[in-house]
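First comes the structure, then the notes that go with it.
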Amino acid sequence: MLIAEILKDKGPNVFTAGPSDSLEVTIQALETKRVGALVVCDGDQVVGILSERDLVRAVARHGGDALARPVGDFMTQDVVFAEPTETVAVLMERMTDRRIRHLPVLSEGRLIGVVSIGDLVKSQIAEATFEAESMKAYIGAG
């Protein structure tokens, strides 16, 4: 399955933060949106990603003072991207190798979505279930 198909099912929502947004405001956005990461954009340019893991590190290193500081101080700047034409299997391998759980998806340099490891696992389960049901139907008709 291609990533474009997953994005079609998920819809076009991409939740973002700005590099100058406070960590406190960003944490509230994560909670409100019920997501584990926000793509950090400066205008229409992706400049980072801020995950729950980044937040834990920020608080562990700086305590409560981290909450008043900007997202740009704590975001992951070396963003790993996906393309809509890539497969679930390729991205699962990339995410496992890099130990990341969220990938922004770019098409022609433009942010068009985000996929999580949960999205990929859900897709693989759905595909395996479909194949199993198809096989049962084929054997039963035999």
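Nothing fancy with the numbering, it's 1 onward along the sequence. Quantities reported herein were computed from a predicted structural model and do not represent experimental measurements.
Scanning for side chain to side chain donor-acceptor pair (under 3.5 Å) contacts around S123 gives an empty result, with sequence neighbours left out. Every residue two or more places apart in sequence or in another chain was checked for a salt bridge (charged side-chain N to carboxylate O under 4.0 Å, His left out) with D21, and none qualifies. Scored by the side chain to side chain contact (heavy atoms under 4.5 Å, CB included) test, S20 finds no partners at all (sequence neighbours excluded). Remark: R98 pairs with no residue by the side chain to side chain donor-acceptor pair (under 3.5 Å) rule, at least two apart or across chains. Remark: Q124 pairs with V88, M92 by the side chain to side chain contact (heavy atoms under 4.5 Å, CB included) rule, at least two apart or across chains.
Of all heavy-atom pairs spanning E86 and V90, the tightest one is OE2-CG1, 3.9 Å. Of all heavy-atom pairs between L120 and M95, the closest is CD1-SD, 3.4 Å. Nearest heavy-atom pair across A66 and A58 is CB-O, 3.7 Å. Scanning all heavy atoms of the two residues, the minimum distance from I112 to P84 falls at CD1-CG, 3.9 Å. For P19 against P70, the heavy-atom pair with the smallest separation is O-CB, 3.4 Å. Closest approach of G113 to L7, counting heavy atoms only: CA-CD2, 4.0 Å.
Evaluation of the salt bridge (charged side-chain N to carboxylate O under 4.0 Å, His left out) test over residues 99-112, restricted to residues two or more places apart or in two chains, returns E52-R101. Residue pairs meeting the salt bridge (charged side-chain N to carboxylate O under 4.0 Å, His left out) criterion with at least one member in residues 69-85, sequence neighbours excluded, are R69-D73. The stretch residues 101-123 participates, sequence neighbours left out, in no ring pair (Phe, Tyr, Trp, His ring centres under 6.0 Å) pair at all. Among residues at least two apart or in separate chains, side chain to side chain donor-acceptor pair (under 3.5 Å) pairs with a member in residues 7-18 are K10-D119.
Both F81 and V114 sit in one connected hydrophobic cluster of ILVMFWY residues. Membership requires side-chain heavy atoms under 4.5 Å apart, directly or through other members. Hydrophobic clustering, with ILVMFWY side chains joined whenever heavy atoms are under 4.5 angstrom apart, groups M1 together with L91. Under the 4.5 Å side-chain heavy-atom criterion for ILVMFWY residues, no single connected hydrophobic cluster contains both I117 and V56.
Annotation for E93: atom CD does not count as buried by contact number, only 12 or fewer foreign heavy atoms lying within 6.0 Å.
Between D42 atom CG and Q45 atom CD the span is 8.0 Å, to the nearest 0.5 Å. Note that CD1 of I49 and CG of D54 are 8.5 Å apart. Values are rounded to the nearest 0.5 Å.
F15 forms part of a hydrophobic cluster together with L23, I27, L30, V35, L38, V40, V47, L50, L55, L67, V71, F74, M75, judged by ILVMFWY side-chain heavy-atom separations under 4.5 Å.
Using a 4.5 Å heavy-atom cutoff, the side chains of E5 and L2 are in contact. Side-chain contact between I100 and V80 is present, with heavy atoms from C-beta onward closer than 4.5 Å. Side-chain contact between L111 and V105: absent, with no pair of heavy atoms (C-beta onward) separated by less than 4.5 Å.
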